[in-house]
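Just so we're on the same page: letters track the sequence lines, and every chain starts at 1.
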Amino acid sequence: MPELAEVEFYRKVWDGGIKQKVRAVELHASKRIFRGMDTKALTQALTGSVLVSSATHGKQLLFRFSKNGWLGLHLGMSGRLRIGVPDEEAGRHDHLVLRQARQALIFSDPRQFGRVLFHQGVAPPKWWAALPPQILSEEFTLTRMTRFLSRHARAPLKAVLLTQRGFPGIGNWMADEVLWQAGIAPACLAGKLDAMQTKRLFRAARFVCRGAMRTVGIDFRDPPGGWLYHRRWRRGGICPRDGAALRHAEVGGRTTCWCPSCQKQGF
DNA sequence: TACAATGTTTTAAG
DNA sequence: CCTTAAAACATTGT
């Protein structure tokens, strides 16, 4: 499920536990979300520590704890964060539970495509520091985006937009939304855009991120009215802009929805 | 039953 | 070494 704005929403869910001590850590150590990490070290370090702050970067979540603990989470396809009562019994998919006096912070992920990372140190983990510029930041420039497109010139734009090194936070529905708002077909190759289309893509990427953050990112409400989002799931949907029948097909390895009449192939 | 699901990683091929 | 495409991952729901 979670893309940029959904991740931001879930971050705020756990913020209810800020400034409070973690009394106990419960986790399903053998589950895939803990692959390659030391769950004993995580348990040891977080037990008795205090949740200090949280941040998101694209689809990445980082929770900072006292005693130099840094908990990184990725929600994958089906992950979500929620708050439970302090002694809530962990369900089958509740793979990580941080128990505090007033509530339990719960990470559940049925499909386990998500991931848990843990780092102990004064500085933030290096994988966090190495993340590419966020789309809504100053460092995400037209020049940078253009360079990224040219490096993937022979791939369809849909696939390029899903690449987290270039467009951190963009997922399946946001990629379709960006392309629809830019008026460019998803199968158009990234190297085929002219300067005007490139600029439209850049503006659409930022506009969609901002609009999602101001709606989904606040309280999980739907994205702004008039967006493709509201029509893309049903078969038989029509384009909000010109009323043409929307098309669905697999592009760049993912189910894709677009308007064949107002989204143009490059030349 | 079989397939698809708002995602990444690994593997293989070009 | 770089880019691209496809399969794999685990579970649920249609």
Spell out, as yes or no, whether a donor-acceptor pair under 3.5 Å connects the side chain of [X] to the backbone of [Y].
X	Y	result
Arg64(A)	Ser53(A)	no
Gln112(A)	Arg32(A)	yes
Ser78(A)	Arg111(A)	yes
His74(A)	Leu117(A)	no

TODO: Salt-bridge test for Arg144(A) and Glu139(A): reply yes if a basic N is under 4.0 Å from a carboxylate O, no otherwise.
DONE: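 Salt bridge: no.
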- [ ] Inspect the contact between Asp87(A) and Arg99(A) and indicate whether a charged nitrogen and a carboxylate oxygen are less than 4.0 angstrom apart.
- [x]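 A salt bridge is absent here (no side-chain N lies under 4.0 Å from a carboxylate O).
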Open item on the list: Quick one, Glu8(A) with Ile218(A), criterion side-chain contact (heavy atoms from CB on, under 4.5 Å). Give me CA distance, side-chain angles, the key distance, then yes/no.
Closed with: CA-CA 8 Å; Glu8(A) 168 63 10; Ile218(A) 302 287; over 6 Å; no
Starting at [atom1] of [X] and ending at [atom2] of [N], how long is that distance when rounded to a whole Å?
X	N	atom1	atom2	answer
Trp173(A)	dG7(B)	CH2	C1'	16 Å
Leu73(A)	dT8(B)	CG	C1'	15 Å
Phe220(A)	dT6(B)	CZ	P	13 Å
Arg232(A)	dT6(B)	CZ	C1'	8 Å
Leu228(A)	dT6(B)	CG	P	13 Å
Gln60(A)	dT6(B)	CD	P	19 Å
Arg80(A)	dG7(B)	CZ	P	17 Å
His230(A)	dT6(B)	NE2	C1'	14 Å

Task: Centroid-centroid under 6.0 Å between Phe220(A) and Tyr10(A) rings - done: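 Under 6.0 Å, so yes.
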Open item on the list: Using a heavy-atom cut-off of 4.0 Å across all strands, would you classify Thr255(A) as base, sugar-phosphate, or nothing?
Closed with: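 Sugar-phosphate contact only.
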Open item on the list: Expected output is a numbered-order residue list: members of residues 144-171 of chain A with a heavy atom under 4.0 Å from any atom of DNA chain B. What is it?
Closed with: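 Correct list: Gln164(A), Gly171(A).
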Open item on the list: Run the side-chain contact (heavy atoms from CB on, under 4.5 Å) test on Val50(A) and Gln20(A) for me, step by step, so that the C-alpha distance in whole Å, both residues' side-chain angles and the decisive distance to 0.1 Å come before the verdict.
Closed with: CA-CA 5 Å; Val50(A) 173; Gln20(A) 295 171 53; 5.8 Å; no
- [ ] Could you please spell out the steps behind the side-chain contact (heavy atoms from CB on, under 4.5 Å) verdict for Cys262(A) and Cys239(A)?
- [x] CA-CA 9 Å; Cys262(A) 64; Cys239(A) 174; 3.7 Å; yes
Task: Nucleotide-level pairing of DNA chain C, given in dot-bracket where Watson-Crick and G-U pairs need both distances under 3.5 Å and | marks other strands - done: .||||||||.||||
TODO: Could you work out the separation of dA7(C) and dC3(B) based on their P atoms and round it to a whole Å?
DONE: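 The same atom, P, in both gives a distance of 13 Å.
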Open item on the list: Please give the distance between the C1' atoms of dT9(B) and dT12(C) as a whole number of Å.
Closed with: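 The answer is 22 Å between these two C1' atoms.
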Open item on the list: Please compare Glu3(A) and Arg35(A) by the position of their nearest nucleotide in DNA chain B and report the one closer to 5'.
Closed with: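 Mapping each residue to its closest nucleotide by heavy atoms, the 5'-most match is Glu3(A).
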TODO: Indicate for each nucleotide in nucleotides 6-13 of chain C, in 5' to 3' sequence, whether protein heavy atoms under 4.0 Å reach the base (B), only the sugar-phosphate (S), or nothing (-).
DONE: ---BBBS-
Task: side-chain hydrogen bond (donor to acceptor under 3.5 Å, both in side chains) assessment of Gln164(A) paired with Gln60(A) - done: CA-CA 10 Å; Gln164(A) 298 301 296; Gln60(A) 310 286 338; over 6 Å; no
